[in-house]
Amino acid sequence: GQQVMQIPQYQHVQEGEDFTTYCNSSTTLSNIQWYKQRPGGHPVFLIQLVKSGEVKKQKRLTFQFGEAKKNSSLHITATQTTDVGTYFCAGQHSGAGSYQLTFGKGTKLSVIP
Amino acid sequence: DVKVTQSSRYLVKRTGEKVFLECVQDMDHENMFWYRQDPGLGLRLIYFSYDVKMKEKGDIPEGYSVSREKKERFSLILESASTNQTSMYLCASSFSRWQYFGPGTRLTVT
């Protein structure tokens with residue numbers, strides 16, 4: 001089946017440091033989404049990227065979609081303890097029906113105060 | 001706000017039992033999904049439904065079935081629970097491309 005690879009699996013950062021997680025698909029994506037799951041919680045939708053080369057910002061979070069629509073990244077500037085959680089990318093492959101998503105395995109972010 | 005609810009937060013069942021996990025959404029969404037989440041494996045799609053009485057297999061449907069008799073309700077059925085089905089089960093619904101998740105059911109099969 002379709003796969004979306006996400007790295008790193010874990011990231012420990014000192015509060016105030018930056019953080020980046022990367023996703024890569026072997027096939028073209030029609031769109032990519034990012035979700036955050038707090039410890040003990042459920043995934044919550046953050047953002048969707050649709051256009052080639054698209055960049056979107058939410059406060060300290062910057063999301064990018066690659067030119068070939070096969071890769072994406074999430075960058076957090078100056079991490080805070082509230083950023084702790086697991087970040088998932090989820091891609092919809094071109095031709096996939098019914099809004100089916102393929103999730104990456106997630107990057108678990110720990111922030112050391 | 002979209003609300004997706006699941007019937008139980010925690011469930012303990014014995015091997016061989018038939019298990020029903022219920023999911024209800026209150027936003028008239030057409031699409032509903034069942035995932036299981038295991039450490040290191042992320043979210044894996046079990047089944048999804050894009051309309052009442054319609055269902056499609058996801059990546060790991062073996063050992064599971066689903067039922068969608070009403071638009072707001074999507075049930076996951078474990079016909080004969082096994083210990084390797086111990087997991088966190090997440091239900092989601094969507095109208096557009098992104099999904100809204102329920103709080104999850106942590107199922108333990110002993």
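Throughout, protein chains are lettered first and strands after them, A, B, ... in sequence-line order, and every chain is numbered starting at 1.
- For A:Q6, no part lies under 4.5 angstrom from a heavy atom of chain B.
- Interface residue A:Y35: only side-chain heavy atoms are found under 4.5 Å from chain B.
- With A:S25 as reference, A:H93 is the one residue of A:K70, A:K69, A:H93 to meet the side chain to side chain donor-acceptor pair (under 3.5 Å) rule.
- Other residues, nucleotides and ligands contribute at most 12 non-hydrogen atoms within 6.0 Å of the CZ atom of B:R106.
- Hydrophobic clustering (side-chain heavy atoms under 4.5 Å, transitive across Ile, Leu, Val, Met, Phe, Trp, Tyr) groups B:V19 together with B:F74.
- In this structure, B:F33 is a member of the same hydrophobic cluster as B:V4, with clusters built from ILVMFWY side-chain heavy atoms closer than 4.5 Å.
- Cluster annotation: B:Y100 is connected to B:F48 through the hydrophobic network of ILVMFWY side chains, with a link wherever side-chain heavy atoms come within less than 4.5 Å.
- For A:V50, the part lying near chain B is the side chain, with the backbone staying farther off; criterion is any non-hydrogen pair under 4.5 Å.
- Residue B:E30 does not touch chain A at all, counting heavy-atom pairs closer than 4.5 Å.
- Looking at B:L45, only its side chain comes within 4.5 Å of chain A, counting heavy atoms on both sides.
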